[in-house]
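Structure record follows, encoded as structure tokens.
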Number of protein chains: 2
Amino acid sequence: MSSGQAVELAKVFKALGDPVRLRLASLIASHEGGEACVCDLTDAFDLSGPTISHHLKVLREAGLITGERRGTWVYYRIQPDALRRLSAVLVLDDAWAVSV
Amino acid sequence: MSSGQAVELAKVFKALGDPVRLRLASLIASHEGGEACVCDLTDAFDLSGPTISHHLKVLREAGLITGERRGTWVYYRIQPDALRRLSAVLVLDDAWAVSV
DNA sequence: TCTCTACCTTGACAGGTGTCGATCCAGAGC
DNA sequence: GCTCTGGATCGACACCTGTCAAGGTAGAGA
């Protein structure tokens with residue numbers, strides 16, 4: 001894989017390289033309707049609002065989730081394509097061997 | 001996903017969350033015979049030996065690669081199971097939704 | 001045994017990251 | 001307009017990470 005590809009991919013892996021962000025993504029993905037309000041998420045952690053907001057921003061900038069404001073609340077939703085792309089990279093037999 | 005699971009998983013994602021380590025893993029996986037000598041790897045980067053060694057250690061401790069000394073050289077080899085496990089986690093539709 | 005090579009470990013430093021309190025902004029409702 | 005509430009941003013802090021120079025260890029060969 002090229003140096004540029006590695007930098008882009010590493011950003012996404014790095015975003016998932018934190019227990020809080022992993023659980024945030026998991027909670028969003030498994031929430032009914034496939035989306036979760038921030039108020040639902042903050043309750044699940046023993047962390048301050050700004051900290052949750054920070055982690056959500058990291059996930060957003062990595063392209064793993066999208067946020068949308070609807071009235072008073074902000075809803076987050078998983079980007080399944082981003083996960084599928086990551087998953088494909090890890091199946092080394094096909095992807096890695098030929099992509100270097 | 002439980003808090004404990006998240007911590008374990010995050011370690012592995014974090015290990016891949018660096019461009020150098022991603023390329024290292026990719027180089028090892030795609031090298032002939034499925035294993036690569038450290039001397040092959042250092043040439044591919046503009047980094048000092050200790051730095052490469054440090055990154056290899058991170059990958060090793062995450063369970064993504066194994067190292068073995070054979071005579072003068074040390075050979076590293078990918079752990080395909082670790083990659084497959086990660087890949088499976090990312091297929092959210094099945095795994096994530098039920099594992100929380 | 002001595003030396004050379006390949007690699008690892010240690011120590012130190014700059015820069016990045018997670019966290020929080022304080023503050024700010026956007027909508028809803030009065 | 002004003003106020004309340006849900007979130008985001010800012011500023012600051014402790015801690016973690018990537019990097020290298022210097023020194024250490026293990027095996028090969030003389």
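Letters A, B, ... mirror the listed sequences (proteins, then strands); counts begin at 1.
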Whole-Å distance, L41(B) CG to dA6(C) P, equals 14 Å
T51(B) vs T51(A), nearer the 5' end of DNA chain C by closest nucleotide
T51(B)
According to a strict under-4.0 Å criterion, is K14(B) in side-chain N/O contact with OP1 or OP2 of dT17(D)?
yes
Taking all heavy atoms of A25(A) and all of L59(A), pick out the closest pair and write down the distance.
N-CD1, 4.3 Å
Between CG of L59(B) and P of dG18(D) the distance, given in whole Å, is 10 Å
Side-chain N or O of Y76(A) versus OP1/OP2 of dG6(D): is the shortest distance under 4.0 Å?
no
Could you check how far NZ of K11(B) sits from P of dT17(D), rounded to whole Å?
11 Å
Under 4.0 angstrom, heavy atoms only, what part of the nucleic acid is G49(B) near: base, sugar-phosphate, or nothing?
nothing
dT17(D) C1' sits how many Å from F13(B) CZ, rounded?
20 Å
Atom CG of L56(A) to atom C1' of dG7(D): distance rounded to whole Å?
10 Å
Following the transitive rule for hydrophobic clusters with a side-chain heavy-atom cut-off under 4.5 Å over Ile, Leu, Val, Met, Phe, Trp and Tyr, establish whether V74(A) and V58(A) coincide in one cluster.
no
Nucleotide nearest V38(B) (side chain, heavy atoms from C-beta), chosen from dC7(C), dT19(C), dG7(D):
dC7(C)
Of the listed nucleotides (dG6(D), dT19(D), dA26(D)), which one gets closest to any side-chain atom of R69(A)?
dG6(D)
Looking at R21(B), I'd like to know whether one of its side-chain N or O atoms comes within less than 4.0 Å of OP1 or OP2 on dG18(D).
yes
So, OP1 or OP2 of dT19(D): does either fall under 4.0 Å of a side-chain N or O from S48(B)?
no
Lys/Arg-Asp/Glu bridge criterion (N-O < 4.0 Å) met for E35(A), R70(A)
yes
Taking CH2 from W73(B) and C1' from dT5(C), how many angstroms apart are they, rounded to a whole number?
9 Å
Please tell me whether I78(A) and F45(A) are part of a single hydrophobic cluster in this structure, the criterion being side-chain heavy atoms less than 4.5 Å apart.
yes
Among dC20(D), dG18(C), dA8(D), the one nearest any side-chain atom of R60(A) is dA8(D)
Is there a path from Y75(A) to L56(A) through hydrophobic residues (I, L, V, M, F, W, Y) whose side chains come within less than 4.5 Å of each other?
no
Can you work out whether T72(A) or D18(A) has the more 5'-proximal nearest nucleotide on DNA chain C?
D18(A)
In whole angstrom, what separates I52(A)'s CD1 from dC20(C)'s P?
8 Å
Short side-chain N/O contact to dA8(D) OP1/OP2 from S53(A), under 4.0 Å:
yes
Under a 4.5 Å cut-off applied to non-hydrogen side-chain atoms, are D40(B) and L27(B) in contact?
no
Output the rounded distance in Å from CG (L24(A)) to P (dG7(D)).
13 Å
Could you pick out which residue, V58(B) or P50(B), lies toward the 5' side of DNA chain D when each is mapped onto its nearest nucleotide?
V58(B)
What's the closest nucleotide to the H54(A) side chain, out of dG7(D), dA26(D), dG18(C)?
dG18(C)
Under 4.0 Å between a side-chain N or O of H55(B) and OP1 or OP2 of dT17(D)?
no
